[in-house]
Amino acid sequence: MKIIVCENYQEMSSRAAEIIADLVKAKPSCVLGLATGSTPVGMYRELIAKTAAGEISFRDVTTYNLDEYYPIAPTHEQSYRYFMNENLFSHIDIDPERTFVPNGLTENPEEEGAAYDAAIEAAGGIDLQVLGIGQNGHIAFNEPDEALIAGTHITALTEDTIDANSRFFASRDDVPTRAFTMGIGSIMKAKKIILLANGANKHAAIAQMLDDKITTACPATFLKAHADVYLICDTAAYNG
Ligand code: F6R
């Protein structure tokens with residue numbers, strides 16, 4: 001794992017956006033794996049600015065998001081589809097038909113998960129996957145557990161994650177208790193991964209990921225078995 005420690009959130013966001021911009025320039029039809037949450041918002045702002053400046057174009061880019069609440073409508077303000085439209089897709093020249101987020105309303109979650117992985121493979125696989133990390137070491141919604149699931153699947157969110165995500169909802173009771181998530185296997189198939197982390201509240205998870213052996217108790221530790229991962233974090237996440 002290559003580690004880039006940045007002074008602050010802005011530098012972390014710029015470094016990550018540069019890596020994506022370089023890929024989009026080198027391979028205009030690349031496939032990106034994208035994350036939601038607070039962490040990548042600054043990076044998305046940078047990508048919007050680079051697109052507006054004519055430095056890059058997303059015309060031929062395809063995106064697959066990591067996860068989506070279940071059940072939730074794409075028009076719900078807290079759905080990850082809505083988040084992506086608001087924070088990135090509506091502000092860049094991407095073809096909306098090439099942006100994929102698991103369907104939070106599907107009546108057949110098992111088929112939806114398998115179909116999502118198959119679609120990623122059919123698109124040529126993910127060239128670059130962006131990840132955030134939960135305070136409990138989760139990546140996407142692969143929560144600490146005795147066993148982890150390889151493919152895209154429906155999972156129950158832990159109480160920790162429901163607590164952490166309740167800041168976006170009117171009340172804790174409104175937070176969906178389940179979500180679609182790419183599995184650890186789906187994520188590890190990406191050719192390159194960038195894991196972003198900022199703030200002291202991520203320090204314990206980052207320290208555990210870097211120090212610990214590979215364990216399902218900290219799903220992010222699996223990233224250490226991938227050949228091309230960058231951890232891009234700020235000093236607070238790195239040093240505490
Ligand atoms: C979001 C996702 C989650 C977040 C993680 C960190 O698509 O998969 O794993 O990356 O919960 O969230 P923030 O960035 O809000 O701290």
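Remember, it's 1-based here, ligands and their atoms both numbered in the order they're listed. By convention here, the first residue in the shown sequence is residue 1. Side-chain atoms are counted along with the backbone in the values below, which use heavy atoms only and exclude waters and symmetry mates.
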Could you list which atoms of ligand 1 come closer than 4.0 Å to a heavy atom of L66? 8 (O)
Output, in order, the C-alpha distance, side-chain angles, deciding distance and verdict of ring pair (Phe, Tyr, Trp, His ring centres under 6.0 Å) for Y116 and F100. CA-CA 9 Å; Y116 202 71; F100 299 94; 7.5 Å; no
Indicate every side-chain donor-acceptor pair of residues 191-200 with a distance under 3.5 Å to a residue at least two apart or in another chain.
from, atom 1, to, atom 2, distance (Å)
K191, NZ, G124, O, 2.9
K191, NZ, D127, OD1, 3.3

Under a 4.0 angstrom heavy-atom cut-off, which atoms of ligand 1 come close to G37? 14 (O), 15 (O)
Please check if atom OH in Y238 has more than 12 non-hydrogen atoms from other residues, nucleotides or ligands closer than 6.0 Å. no
For the residue pair F83 and Y44, categorise the inter-ring angle as parallel (less than 30°), tilted (30 to 60°) or perpendicular (more than 60°). perpendicular
Would you mind running through ligand 1 and noting each atom that sits below 4.0 Å from a heavy atom of K202? 6 (C), 13 (P), 16 (O)
How far is atom 1 (C) of ligand 1 from the closest protein heavy atom, and which atom is that? T36 OG1, 3.2 Å
Proximal ligand 1 atoms for G132, defined as those under 4.0 Å from one of its heavy atoms: 10 (O)
Specify the closest pair of heavy atoms between D93 and S57, including all atoms of both residues, with the distance to one decimal. OD2-OG, 2.6 Å
Heavy atom of the protein closest to atom 15 (O) of ligand 1 (residue, atom name, distance): S38 N, 2.9 Å
With heavy atoms only and a cut-off of under 4.0 Å, state how T39 meets ligand 1: side chain, backbone, both or neither. both
I133 and ligand 1 - part of the residue with a heavy-atom distance under 4.0 Å: backbone
If you compare all heavy atoms of V24 against all heavy atoms of C30, which two are closest, and at what distance to 0.1 Å? CG2-SG, 4.0 Å
With atoms numbered from 1 as shown, which atoms in ligand 1 lie under 4.0 angstrom from a non-hydrogen atom of H138? 3 (C), 5 (C), 9 (O), 11 (O)
May I ask you to check if ligand 1 and A140 share an N or O to N or O distance below 3.5 Å? yes
Is ligand 1 under 4.0 Å from a heavy atom in the side chain of D67, in the backbone, in both, or in neither? side chain
Based purely on interatomic distance, does Y80 place a nitrogen or oxygen under 3.5 Å from a nitrogen or oxygen of ligand 1? no
Are more than 12 heavy atoms, taken from residues, nucleotides or ligands other than R98, located less than 6.0 Å from that residue's CZ atom? yes
May I ask you to check whether E143 and T155 show a side-chain donor-acceptor distance below 3.5 Å? no
With heavy atoms and a 4.0 Å threshold, my read on which part of R167 contacts ligand 1 is side chain
Take atom NZ of K2 as the centre, draw a 6.0 Å sphere, and report whether it contains more than 12 heavy atoms from other residues, nucleotides or ligands. yes
